[in-house]
Q: 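Following this message is one structure expressed as structure tokens.
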Amino acid sequence: MSRPAVFFDRDNTLIVNSDYLGDPDQVALLGGAAAAVARVRKLGFATVVVSNQSGVARGMFGEDQVRAVNARMDQMLIDEDPEAVIDHHEFCPFHPEASVPEYAGDHERRKPKPGMLFDAAKALDLNLKQSWLIGDAPRDIEAGRRAGCRTVLVKEKLESESPAASENMRHRPDYVATSLQDAVDFIEMQLDPHNDPSDIATNATLSVADTIRNESSAIAQTVASAPTPPVASLPASTSDRDQVLLLERVVEELRRANDPPQDFSIARMLAGIMQGFALAAFFAAMLYRDTPPTFSMIILVAIFLQTLVCGLVLLGR
């Protein structure tokens, strides 16, 4: 049976690296990396690392060095927390400007393309729609989106930021986190509290859309029985500001729908009266069209009255 996964970018997401890393001795975990990996595994997710490694294509190191760095990272995670196990690694050594001919090209596995996620899903029988991707760069978010996953962008303050992290954001993440811990907190909050944690593979998460739809239905019933419910009583989670704002808008629209129509207003009544005077002035101007001074004065009055009518109509709306 398919299970969900959390896909992690590697560099500047799990380990400190803004350049090209081919030496296992230089691996350094980011703070909270082991705890984050252990937590998502306890929540029932598989853990997969997907990483672009163009250093291979540039001739800086070979694929064996990439695997050695990954192995060193895996060991450091376990040393810090025995539960922080990475289930699977995918990396892409290709690059369009490769100096090593066999690695030249814009490969389907290179992020922002989703090939690595598809390959991992096939290898581990993963449910991509229930999966998440956590990364520090726009290309990570795009790869996750294109694979059908939900995504979290981690904007942690680091000494140096990778060039990929400063690229233009073409796909909006589901959440922008300040740390890995914050990212996993958000993912955990999306889990259905009524689910058995051991059965997360079949019903692990509720999408934000499903949550809004369910809560909007409950709000509609509340509005039907109480025409003007206070917005402060919304049954929504204040941790998701966008969701709260949307629910507030739903309540407001439903309240307006239940309000009785109010077509009458003093402004509209005055507009009707002024319209009569304006028409009378226009008619009088036609009678005095052969007397230029009188005609000009009356037509100016008519224009003023018509302008006043327009203002009153707008005020009435």
Side-chain angles (χ1 to χ4, degrees), residues 112 138 141-142 145-146 148 150-153 155 166-178 186 189-190 206-317:
I141 302 306
E142 182 172 348
R145 286 289 194 186
R146 293 171 68 175
R150 281 177 284 174
T151 58
V152 178
L153 179 71
K155 299 293 288 185
S166 60
E167 295 174 353
N168 292 331
M169 182 71 69
R170 300 197 298 175
H171 293 262
R172 182 179 178 182
D174 291 273
Y175 183 65
V176 178
T178 57
F186 178 78
M189 283 190 296
Q190 308 311 303
L206 283 178
S207 68
V208 173
D210 288 338
T211 302
I212 293 174
R213 185 161 50 247
N214 293 339
E215 294 186 356
S216 296
S217 177
I219 293 170
Q221 295 177 4
T222 302
V223 172
S225 59
T228 56
V231 173
S233 65
L234 288 175
S237 172
T238 57
S239 62
D240 190 339
R241 182 170 178 79
D242 289 340
Q243 180 178 331
V244 171
L245 292 176
L246 181 55
L247 290 173
E248 288 177 354
R249 185 172 179 180
V250 169
V251 170
E252 180 63 20
E253 292 300 325
L254 290 172
R255 185 189 64 77
R256 290 179 180 177
N258 285 335
D259 285 343
Q262 298 181 357
D263 294 331
F264 175 78
S265 71
I266 295 176
R268 291 184 180 182
M269 180 183 71
L270 291 176
I273 295 172
M274 289 299 103
Q275 184 65 71
F277 283 117
L279 292 175
F282 278 117
F283 180 74
M286 293 299 101
L287 295 178
Y288 289 92
R289 61 182 179 275
D290 295 329
T291 309
T294 305
F295 171 79
S296 298
M297 181 181 65
I298 296 176
I299 201 69
L300 286 175
V301 172
I303 292 173
F304 170 77
L305 290 173
Q306 189 62 53
T307 303
L308 183 59
V309 168
C310 294
L312 289 169
V313 169
L314 292 175
L315 182 62
R317 291 182 180 178

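Atom set for the values below is all heavy atoms of this structure, side chains included, hydrogens, waters and symmetry mates excluded.
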Q: Mind listing the closest non-hydrogen atom pair of Ala281 and Ile298 along with its distance?
A: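 In this case the closest contact between Ala281 and Ile298 is O-CG2, 3.1 Å.
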Q: Please report the interatomic distance OH(Tyr175) to CD(Gln190), rounded to the nearest 0.5 Å.
A: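 The OH atom of Tyr175 sits 10.0 Å away from the CD atom of Gln190.
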Q: Taking all heavy atoms of Pro173 and all of Thr151, pick out the closest pair and write down the distance.
A: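 Looking at all heavy atoms of both residues, the shortest contact is CA-OG1, 3.3 Å.
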Q: Please find the pair of heavy atoms, one from Gln306 and one from Ala278, that lie closest to each other, and give the distance.
A: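 Distance-wise, the nearest heavy atoms are OE1-CB, 3.8 Å.
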Q: Please check this pair: side chain of Arg145 against backbone of Arg172, looking for a donor-acceptor N/O pair closer than 3.5 Å.
A: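 Yes; at least one donor-acceptor contact below 3.5 Å.
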Q: CG of Asp174 to CD1 of Ile141: how many Å apart, nearest 0.5 Å?
A: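 Reported to 0.5 Å precision, the distance equals 8.5 Å.
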Q: Quick check: closest heavy atoms across Tyr288 and Phe295, and the distance to 0.1 Å?
A: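 Smallest heavy-atom distance, with atoms named: O-CB, 3.2 Å.
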Q: List in chain and number order the residues that pass side-chain contact (heavy atoms from CB on, under 4.5 Å) with Leu308, two or more places apart in sequence or in another chain; answer none if no residue qualifies.
A: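 Met274, Leu312.
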